[in-house]
Amino acid sequence: MDPILDPLNKNQKIAVTHESGPLLVFAGAGSGKTRTITHRIAYLIREKNIQPYRILGVTFTNKAAGEMKERANKLVGESGIQPELRTFHSFGVRLLSGEIEHLDREKNFTIYDDIDQRVILKETIKELMIDPDRYNVRTLAGQISSAKDSLLDATQYSQKKSFKNSQKDNEFVQIYSLYEKKLKENNAYDFGDLLMVPVKLLQANQAVRKRWQERYQHIMVDEFQDTNPAQFELARLLSEKHRNIVVVGDDDQSIYSWRGADISNILNFEEYFPEAKTVRLEQNYRSTQPILDLAHKVISKNTRRQEKQLWTQQKTGKQPEVYGARNDYGEAEFVLNTIRLLEKMQNISPGDCAVFFRVNAQSRVFEEVFTRENMPYVLISSVGFYERKEIKDLLAYLKLLANPSDNNALKRIINRPTRGIGQKTESCLFEYAAEQEIGGIEALAKIVDSDLISSRAAGALNNFYNLYLKLRETINQPPVEIIETVLQQTGYIETIVEKEDRYTAESRMENIEELKRVAADYGEESANPNLIDFVEEITLLTDLDTQETEQSAVNFMTLHAAKGLEFDVVFMVGMEEGLLPHRNSEFDPERREEERRLCYVGFTRARERLYCCWSRSRRLYGNHQQNLPSPFLKEADLLGNNKPISSTPKREKIRSSKKLLGGFKRRSTRPTKKPPKIELNAGDRVKHPKFGQGTVKRVDRQNSSPIALIEFKKFGEKRLAIAYAELDKIN
DNA sequence: GGAGTCTTGTTTTTT
DNA sequence: ACAAGACTCC
């Protein structure tokens, strides 16, 4: 019995044992893609005696990289040296720090995320005295990222895009180059740089190129259909010497073109690697045949694809169903009722069910309905944790400690929590730094002794400088402890409690706890825990990497977030013309095909049951819309000719269930402002965050939102809306 | 520095 | 509809 080869089917085996040269693996949904990659790694190490560190596997997410590591380890056994399994970006970081001597950065460079990028761009525009109204910072940031993803410099990019008027072209080049200069001054790279700079370096420097090309005898790229030009070029350059590159992907699941991914990379792979062999993995181990058939009906309408057809041994199964709802609430209620029914009749747990949206905004109604009906759910979302204010603040402290040149971090926290360093003082400091051509921290040390600022400002700055020095002393401690010290020394928590309302404060504190937990985990897992690595790791981490689906809660997510996951029961909701396919793809056939792929990704997540829902009317972004069913439903033969639109199960009146399934959890929340309702009556004693203790004199319920007249000990009588005031009952 | 008001932009967001 | 940011005023 061979644990590496025996569990594989014929084509998987071909891919795993492929000797040398480029190989393109078309791995359909659920065809055992990860298994193939990990078994190949194990095969190379065990059978071909390849040194693990000479194998490079690149993925897109930390989650995927982690999963591969784990599964490969199981097969090979945890020997000391591991194969290199990384995300593209973390590989980029590794290469950059290894070759830092060839670059104009210090080894402890900071990585700027999208938000940092926007902050820098705002500054840039201001400095160039360009009217900010002429640019949307988001768009601009997107353009710069997209230029970097395509390995184009400012001029090339603006020519290609042809902004039509040369003034804008000029300005764009100006903005771009000042932005680049600022990154350098801050000793920082942005996400785009993590791919582009390694490519440029490999192209320009023969010795470096040789070193890295020599190193990797075998390279594997996961989700190849989503590579952008920079990623493609990086993979190509690295594999140039040994030419052992195996790319695995599925053109039908290419859904990130708007992020620069180029489906041609996989479709035209043989053009770039003429000697490439191709293998197709078409046996599916996930879904039933009816689901696969449905998915195929839809995806086969695409023109830009490689024909392949998934099949499974699971020939029988439930037919997918459609439900046309009257409105968005009806849609959510249908989903909820169906889940209840499945739970009761089929013993299916809500945790095995998932609801997929096209846009995040769709989740709202579902959250409302599920909360009201006590059905537990988790919103799996990718925006959140690392973008939250308190997390960004704490990270800024860490970034500054790791890289004192990071003025961006310094600006963020210099007066947070507030410590009397106002705008005036701040700009004074940074103007001085610019004049002297020194970093912000250095300027800080010097300006206190100059006569450029008032004594009060100098005092405040001096205090901050001392704080900084004190924190500096901790930089060799484990990151958790650094965070702890930062919290203590800055009084961060106290400020939150004092300044924010109770619910926001609570949520912020939970987030801080979560960050500490991440730091503690890092401390335990890393061989050599240190601040710089921790900051790097955490900037490259996203919510999607850490969030887990939940046992007893229905999973809500966008179709993009669903890629790579699978569920027993899938609800595709909002299957309407204009939503899926999204209206922005209306006149663009290529984008329309991507919408179809998105639909395909959704369908193929389902193991056993698939429900497609649409709604004749819905409210989105504040206006009512009337909708037609998605053309994809027609393509799937799910719309009968003139049959009534609704199908089983019948819509039933929602009964409030007594059973509380462990309460509902909403994990990916921003701090919520809405307090839970409390009941107040005359005579109750209450506490208010600002006004302190008081007694309720009377309650006026004539309004839609009841008003309480409260006599506060220190502030006298106040009329407060119960629903909005942060009131706590006390005894 | 904070509170209140106005403006803007809402597809998806692997890093 | 609704939230985040910018802007304004004390």
Q: Would you kindly give the CZ-to-C1' distance between A:R416 and B:dG1, to the nearest whole Å?
A: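 After rounding, the reported distance stands at 12 Å.
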Q: Return the 5'-most residue of the pair A:Y621, A:A261 with respect to DNA chain B, ranking by each residue's nearest nucleotide.
A: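 Mapping each residue to its closest nucleotide by heavy atoms, the 5'-most match is A:Y621.
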Q: Under the rule for side-chain contact (heavy atoms from CB on, under 4.5 Å), what residues qualify as partners of A:D113, not counting sequence neighbours?
A: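 If we apply the side-chain contact (heavy atoms from CB on, under 4.5 Å) test to A:D113, skipping adjacent residues, the hits are A:I115, A:D116, A:F191, A:K392.
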Q: Hey, does A:R597 reach any base, or is it just sugar-phosphate, or nothing, if we go heavy atoms under 4.0 Å?
A: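 No contact.
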Q: Look at the side-chain N and O atoms of A:N228 and state whether any lies under 4.0 Å from the OP1 or OP2 oxygen of B:dT14.
A: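 Negative; the distance criterion is not met.
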Q: Among residues at least two apart in sequence or on other chains, which ones pass ring-ring contact (aromatic ring centres under 6.0 Å, His included) with A:F571?
A: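 A:F571 satisfies ring-ring contact (aromatic ring centres under 6.0 Å, His included) with A:Y611 only.
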Q: Nearest-Å distance, CZ (A:R619) to P (C:dC2)?
A: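 Result: 8 Å.
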Q: Could you check how far CG of A:N623 sits from P of C:dA1, rounded to whole Å?
A: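 A:N623 atom CG is separated from C:dA1 atom P by 9 Å.
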Q: Quick one: label A:N62 by what it contacts on the DNA or RNA (base, sugar-phosphate, nothing), any heavy atom closer than 4.0 Å.
A: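 Sugar-phosphate only.
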Q: Does A:N360 have a side-chain nitrogen or oxygen under 4.0 Å from the phosphate oxygens OP1 or OP2 of B:dT12?
A: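 Yes, within the criterion.
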Q: Is it the case that B:dT12 (base atoms only) and A:R358 (side chain only) share a donor and an acceptor within less than 3.5 Å, ignoring hydrogens and angles?
A: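 Answer is yes: a donor-acceptor pair is held.
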Q: With sequence neighbours left out, what residues match A:N415 under side-chain contact (heavy atoms from CB on, under 4.5 Å)?
A: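 For A:N415, the residues satisfying side-chain contact (heavy atoms from CB on, under 4.5 Å) (neighbours in sequence not counted) are A:T418, A:R419, A:I421.
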Q: Check each of A:Y135, A:Y176, A:Y179 against A:L121 using the side-chain contact (heavy atoms from CB on, under 4.5 Å) test, and report the only one that passes.
A: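 Passing option: A:Y179.
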Q: Please tell me which of A:E595 and A:T61 maps to the more 5' nucleotide of DNA chain B, matching each residue to the nucleotide holding its nearest heavy atom.
A: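 First, find each residue's nearest nucleotide; the 5'-ward one identifies A:E595.
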Q: Heavy atoms from C-beta onward define the side chain here; which of B:dT11, B:dT15, B:dG2 lies closest to that of A:N584?
A: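 Selected nucleotide: B:dT11.
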Q: I'd like the P distance from B:dT12 over to C:dG5, given in whole Å.
A: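 Result for the P pair: 16 Å, nearest Å.
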Q: Would you say the side-chain atoms of A:E223 and A:Q225 include a donor-acceptor pair closer than 3.5 Å?
A: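 Yes - a donor-acceptor pair under 3.5 Å links their side chains.
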Q: Would A:W258 count as stacking on B:dT12 if stacking means ring centres less than 5.5 angstrom apart and planes tilted under 30 degrees?
A: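 The base of B:dT12 is stacked with A:W258 (centres under 5.5 Å, planes under 30°).
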Q: Return the set of residues passing side-chain contact (heavy atoms from CB on, under 4.5 Å) with A:T604 (not counting sequence neighbours), or none when no residue passes.
A: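 Counting only residues at least two positions away or on another chain, A:T604 forms a side-chain contact (heavy atoms from CB on, under 4.5 Å) with A:A29, A:A295, A:Y600.
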Q: Could you state the atom-to-atom distance from CG of A:L620 to P of B:dT11 in whole Å?
A: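 Taking atom P of B:dT11 as the reference, CG of A:L620 is at 9 Å.
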Q: Quick test of your reading of the model: are A:E577 and A:R592 salt-bridged, counting only N-O distances below 4.0 Å?
A: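 Here A:E577 pairs with A:R592 in a salt bridge, since their nearest N and O are under 4.0 Å apart.
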Q: OP1 or OP2 of B:dT15 sitting under 4.0 Å from any side-chain N/O of A:T539?
A: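 So the side-chain polar atoms of A:T539 never come under 4.0 Å of the phosphate oxygens OP1 or OP2 of B:dT15.
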Q: Run the salt-bridge test on A:E390 and A:R508 with the 4.0 Å N-O cut-off and return the result as yes or no.
A: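 Salt bridge present between A:E390 and A:R508.
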Q: Could you write out each protein N or O paired with an N or O of nucleotides 6-9 of chain C at a distance under 3.5 Å?
A:
{"from": "C:dA6", "atom 1": "OP1", "to": "A:K122", "atom 2": "NZ", "distance (Å)": "3.0"}

Q: Between B:dT12 atom P and A:I380 atom CD1, what is the distance in whole Å?
A: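 Rounding to the nearest Å, CD1 of A:I380 and P of B:dT12 are 16 Å apart.
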Q: Within the structure shown, what part of the strands sits under 4.0 Å from A:L580 by heavy-atom distance: base, sugar-phosphate, or nothing?
A: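 Nothing, no nucleic acid heavy atom in range.
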Q: Which is true for A:D114 with a 4.0 Å heavy-atom rule: it touches a base, it touches only sugar-phosphate, or it touches nothing?
A: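 A:D114: base contact, heavy atoms under 4.0 Å.
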Q: Could you check which of B:dT15, B:dT13, B:dG1 has an atom nearest any side-chain atom of A:T87?
A: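 Minimum distance to the A:T87 side chain belongs to B:dT15.
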Q: Between A:H582 and B:dT11, do the rings stack, that is, sit under 5.5 Å apart with planes less than 30° off each other?
A: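 One would call A:H582 stacked on the B:dT11 base.
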Q: Holding to side-chain contact (heavy atoms from CB on, under 4.5 Å), I want the full list of residues that pass it with A:T558, two or more places apart in sequence or in another chain.
A: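 A:T558 satisfies side-chain contact (heavy atoms from CB on, under 4.5 Å) with A:N360, A:H560, A:A561 only.
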Q: Take atom CD of A:E67 and atom C1' of B:dT14, then tell me their distance rounded to the nearest Å.
A: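 These atoms are roughly 14 Å apart.
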Q: Quiz question: going by heavy-atom distance under 3.5 Å, is there a donor-acceptor pair between the base of B:dT15 and the side chain of A:R86?
A: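 No, the side chain and the base share no sub-3.5 Å donor-acceptor pair.
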Q: Within this structure, what is the CZ-to-P distance between A:R364 and B:dT11, rounded to whole angstrom?
A: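 Checked: the CZ to P distance equals 16 Å.
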Q: Using whole Å, what does the distance between atom P of nucleotide B:dT15 and atom CG of A:L96 come to?
A: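 It works out to 18 Å between those atoms.
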Q: Looking at the base of B:dT11, is there any donor atom on it, or on the side chain of A:R583, that sits under 3.5 Å from an acceptor on the other one?
A: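 By the distance-only test, no, there is no pair.
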